[in-house]
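Proteins get letters first, then strands, A, B, ... in listed order; numbering begins at 1 in each. For the numbers below, each heavy atom of this structure counts, side chains included, while hydrogens, waters and symmetry mates do not. From a predicted model like this one, the values you see are computed outputs, not experimental measurements.
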2 protein chains.
Amino acid sequence: MATTATVEVAAEPKYWHLRTVLVQAIESEFTTGQTLPNERDLSARFGVARATLRQALEQLELEGRLHRRRGAGTVVAGPRVDITIGTHDEGWPGVEPGDRDLVDGTTAAVPGRLAAQLGVRPRAMVHRVRRRQLSMRQPVGIECLYVPRAVVPRVPELLGDNRRAALVLRHLRNNTLEGLTRSVEVGVAEPEEARLLERPPGTAVLVVTTAYTAGGRTAALAVATYRADTCRLAFGEDAPIGARSAS
Amino acid sequence: MATTATVEVAAEPKYWHLRTVLVQAIESEFTTGQTLPNERDLSARFGVARATLRQALEQLELEGRLHRRRGAGTVVAGPRVDITIGTHDEGWPGVEPGDRDLVDGTTAAVPGRLAAQLGVRPRAMVHRVRRRQLSMRQPVGIECLYVPRAVVPRVPELLGDNRRAALVLRHLRNNTLEGLTRSVEVGVAEPEEARLLERPPGTAVLVVTTAYTAGGRTAALAVATYRADTCRLAFGEDAPIGARSAS
DNA sequence: GAGTGGTCTAGACCACATA
DNA sequence: ATGTGGTCTAGACCACTCA
């Protein structure tokens with residue numbers, strides 16, 4: 001029994017200790033927007049392999065404390081962007097604060113996984129309107145609205161994206177949306193989505209799925225994916241929780 | 001200009017292609033709960049390094065398609081657990097479906113980052129009640145309630161965790177909660193939290209922060225962290241979206 | 001073109017679960 | 001005791017940004 005009374009029963013992994021050290025450094029010696037030393041220098045300074053350092057950086061990015069851009073560098077992040085998630089039909093038919101970007105508007109067969117949620121046959125035709133949300137010139141989310149063609153039938157196939165999207169949205173606005181069901185979960189960005197969000201494929205995203213009901217059926221389904229590193233979802237009518245409330 | 005007309009401008013990373021192959025394999029050749037071959041075999045089979053395979057597996061786990069347990073193996077996951085997030089004071093004062101586990105009940109100085117959100121002085125004393133949510137014997141979330149001692153002063157310091165927690169909750173239930181503000185974001189689990197969730201440190205979690213207001217002030221703050229891989233947050237009164245609605 | 005983060009490799013050892 | 005996933009290393013090359 002030569003067990004020395006080491007209090008260090010923890011034995012936390014190296015990447016976690018590294019993360020803690022980096023958090024302290026970020027909070028005490030750096031300010032928002034400031035660039036950190038590059039990964040090779042940092043790993044050398046801390047005496048760890050670059051992969052281990054990267055594991056810590058990845059977690060800090062997921063927490064929204066850092067932003068990394070290939071070729072550019074790693075900078076200290078500011079507070080997360082608040083994405084307001086309304087209790088009502090907010091978001092789609094209306095106009096909201098913040099810049100938005102029309103990506104495209106198409107009509108095609110419903111993606112297999114969404115047929116059940118939309119309440120349509122597996123290969124039914126649906127309109128899809130996709131737009132991108134920006135915040136301070138940075139892309140933060142992709143919002144995708146699916147509307148069964150049965151709900152909005154009169155959209156000529158030949159129109160351009162902009163006109164088609166406008167038609168679908170106007171039609172929907174005239175509908176009386178009665179209620180909605182919503183869920184939030186974590187997903188990963190597919191390559192195209194990732195490109196629009198200016199992130200590598202597989203980046204963690206918050207997926208907000210909203211089913212709009214009208215006339216006892218699902219009239220539309222919105223699937224919004226927000227960058228998990230930069231976004232916080234804010235619910236309720238009041239102002240977001242901790243934001244700028246320090247007197 | 002010897003540019004051959006290669007359509008393959010994509011050049012997606014290897015881990016993403018691997019992910020796609022694995023998704024197809026999981027969906028076609030495996031069923032929920034089934035164990036996959038181990039990582040060394042899989043990486044050999046696909047002709048990649050183990051680290052590359054693990055990058056794909058990590059994403060699949062984050063998506064909730066796989067569960068990995070050290071020493072045990074990698075199994076195909078079932079559908080995510082729906083965590084109901086009510087519009088009212090649901091969750092804390094009341095009782096809800098699903099098993100819960102009291103972790104501890106303490107009274108200590110408020111954690112620095114929460115003082116502003118609770119509307120108390122930086123080193124003010126707060127009661128903390130912490131419990132764990134289980135689903136089918138698996139831990140899925142840690143729910144932590146902070147109540148300023150100014151709101152519930154009459155809790156003897158000497159009581160055991162169970163009694164203290166019960167007192168705080170009963171006191172809070174007698175209060176008239178007037179409203180709440182809520183946000184959802186992604187975070188990483190600290191080692192202790194991670195242990196309770198049976199995951200490695202740094203695991204991605206969904207952080208739900210709810211501020212309860214009563215009498216024009218913040219009476220309580222609930223910080224709930226749910227395993228991002230196994231949980232989906234369901235909002236609204238209706239049943240969750242796609243769940244079991246296929247007739 | 002220099003410097004950055006992103007991808008990928010081929011190993012090694014450790015902590016844990018299970019039988 | 002065996003086998004699993006978890007951690008860590010020391011390299012290499014690629015894709016991208018920016019001066």
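Considering only residues two or more places apart in sequence or on other chains, B:Glu39 meets the side-chain hydrogen bond (donor to acceptor under 3.5 Å, both in side chains) condition with B:Arg50, B:Arg54, B:Arg68. Here A:Val75 pairs with A:Thr35, A:His67 under the side chain to side chain contact (heavy atoms under 4.5 Å, CB included) rule; sequence neighbours left out. Under the side-chain hydrogen bond (donor to acceptor under 3.5 Å, both in side chains) criterion, B:Thr107 pairs with B:His127, B:Arg164, sequence neighbours left out. Residues satisfying the side-chain hydrogen bond (donor to acceptor under 3.5 Å, both in side chains) criterion with A:Glu185, sequence neighbours excluded, are B:Arg80. Under the salt bridge (Lys or Arg N to Asp or Glu O under 4.0 Å) criterion, A:Glu190 pairs with no residue at all, not counting sequence neighbours. Partners of B:Thr20 by side chain to side chain contact (heavy atoms under 4.5 Å, CB included), not counting sequence neighbours, listed by chain and number: B:Trp16, B:Gln24. With sequence neighbours excluded, no residue satisfies side-chain hydrogen bond (donor to acceptor under 3.5 Å, both in side chains) with A:Tyr146. Contacts of A:Glu198 classified as salt bridge (Lys or Arg N to Asp or Glu O under 4.0 Å), with partners at least two apart in sequence or in another chain: none. Contacts of B:Asp41 classified as salt bridge (Lys or Arg N to Asp or Glu O under 4.0 Å), with partners at least two apart in sequence or in another chain: none.
If you take OG1 on A:Thr181 and CG on A:Leu221, they are separated by 10.0 Å, rounding to the nearest 0.5 Å.
Following rounding to the nearest Å, B:Glu12 (CD) and C:dT7 (P) show an atom-to-atom distance of 12 Å. A straight line from CH2 of B:Trp16 to P of C:dG6 spans 16 Å, rounded to a whole angstrom. Here the P atom of nucleotide C:dC8 and the NE2 atom of B:His17 are 12 Å apart, to the nearest Å. Protein atom NE2 of A:His67 is 13 Å distant from nucleotide atom P of C:dG6, rounded to whole Å. Spacing between atom CD of B:Glu198 and atom P of D:dG5 amounts to 17 Å, rounded to whole angstrom units.
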What does the B/S/- profile of nucleotides 12-19 of chain D look like, 5' to 3', with a 4.0 Å heavy-atom cutoff to protein?
BB-BBBS-
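Using a 4.0 Å cut-off on heavy atoms, the residues of residues 52-59 of chain A that approach DNA chain D are A:Thr52, A:Gln55, listed by number. The stretch residues 26-39 of chain B comes close to DNA chain D through B:Asn38, B:Glu39, each having a heavy atom under 4.0 Å from the strand.
Remark: B:Tyr15 is in phosphate contact with C:dT7, judged by side-chain N or O atoms under 4.0 Å from OP1 or OP2. Residue A:Lys14 has no polar side-chain atom (N or O) positioned under 4.0 Å from OP1 or OP2 of D:dG6.
Taking 4.0 Å as the cut-off between side-chain N and carboxylate O, A:Asp99 and A:Arg137 do not count as a salt-bridged pair.
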